[in-house]
Amino acid sequence: FQAEDGIRDYKVTGVQTCALPISALFNRRQFGRSLAQHVDLATRTARPLGLMLLDVDHFKSINDALGHPGGDRVLVGIAEALAGGARSEDIACRIGGEEFALILPGTDAAQALIVYERIASRIRRPLDERGDIGLELSVSAGIATLLPGETAEGFMLRAEIGRAHV
């Protein structure tokens with residue numbers, strides 16, 4: 001799992017960084033760069049590449065029930081589930097408010113499902129096990145593997161279209 005090594009998403013002496021402070025995951029800008037680089041590499045080397053997109057279901061309701069600090073704890077829990085279930089070569093990102101992505105280099109469909117199951121089992125735990133008030137957490141997830149000649153944009157779109165409630 002690649003983390004940001006102390007980088008935060010705010011301006012420090014005029015330089016914008018590439019990770020979000022609440023989740024310690026790369027941000028959407030870095031996700032776009034990393035995805036494009038890995039699509040290019042996979043295309044040139046004919047290595048497999050997987051992509052997993054996760055979206056927290058009904059996040060507004062969670063925020064309403066727990067307040068923003070509780071919602072932040074949920075986001076941190078998702079980030080921890082990604083970090084705990086990812087392999088060292090995987091790239092975890094928070095790409096929107098409650099949207100997350102995991103770039104899976106060298107990963108075919110069968111391997112991507114194994115990574116997904118590891119992460120999903122961590123996410124499915126009730127929130128009370130994380131110190132919150134017993135809400136069940138569910139996510140919508142989409143997994144895709146890169147097709148020959150596919151662009152980064154097309155790859156991401158296929159993963160988005162493939163999202164299913166888990």
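One is the number of the first residue; the rest follow in order along the sequence.
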>> Show the nearest heavy-atom pair for residues A152 and A36, with the distance to one decimal.
In response: CB-CA, 4.2 Å
> Atom CD in E160, atom CG in L51: separation rounded to 0.5 Å?
Replying inline: 9.0 Å
> Can you tell me how far the CZ atom of F31 sits from the CZ atom of R94, to the nearest 0.5 Å?
Replying inline: 14.5 Å
>> Is there a side-chain contact (heavy atoms from CB on, under 4.5 Å) between I103 and D90? Walk through the geometry before answering.
In response: CA-CA 6 Å; I103 300 170; D90 298 337; over 6 Å; no
>> How close do L25 and F100 get, counting heavy atoms only, and between which atoms?
In response: CD1-CD2, 3.6 Å
>> Closer than 3.5 angstrom, by distance alone: can the side chain of R122 be matched with the main-chain N or O of G84 as a donor-acceptor pair?
In response: yes
> Taking only residues two or more places apart in sequence or in another chain, which ones pass salt bridge (Lys or Arg N to Asp or Glu O under 4.0 Å) with E150?
Replying inline: R158
> Among pairs that include at least one residue of residues 41-53, which meet salt bridge (Lys or Arg N to Asp or Glu O under 4.0 Å), considering only residues two or more places apart or in two chains?
Replying inline: D40-R44
> Closest approach of G71 and N63, non-hydrogen atoms and distance?
Replying inline: CA-OD1, 3.2 Å
>> Testing the basics here: between T151 and G154, what is the closest heavy-atom pair and its distance to 0.1 Å?
In response: OG1-N, 3.0 Å
> Would you say V76 and E80 make side-chain contact, with heavy atoms under 4.5 Å?
Replying inline: yes
> How long is the gap from CG on L104 to CD1 on I114, to the nearest 0.5 Å?
Replying inline: 11.5 Å
> What's the shortest heavy-atom distance between S140 and D57, and which atoms?
Replying inline: OG-OD1, 2.7 Å
>> Here's a test for you: under side-chain contact (heavy atoms from CB on, under 4.5 Å), which of I123, L102, I95 qualifies with L54?
In response: I123
>> Please report the interatomic distance OG1(T107) to CE(M52), rounded to the nearest 0.5 Å.
In response: 9.0 Å
> Could you state the interatomic distance from CD (E89) to NE2 (H38), rounded to the nearest 0.5 Å?
Replying inline: 10.0 Å
>> Quick check: closest heavy atoms across G85 and I119, and the distance to 0.1 Å?
In response: CA-CG1, 3.7 Å
>> Is there a side chain to side chain donor-acceptor pair (under 3.5 Å) between Q30 and S34? Walk through the geometry before answering.
In response: CA-CA 6 Å; Q30 185 60 36; S34 294; 3.2 Å; yes
> Can I78 and V56 be said to form a side-chain contact (heavy atoms from CB on, under 4.5 Å), step by step?
Replying inline: CA-CA 9 Å; I78 296 287; V56 180; 4.0 Å; yes
> Atom CG of L49 and atom CG of L146: how far apart are they, to the nearest 0.5 Å?
Replying inline: 5.5 Å
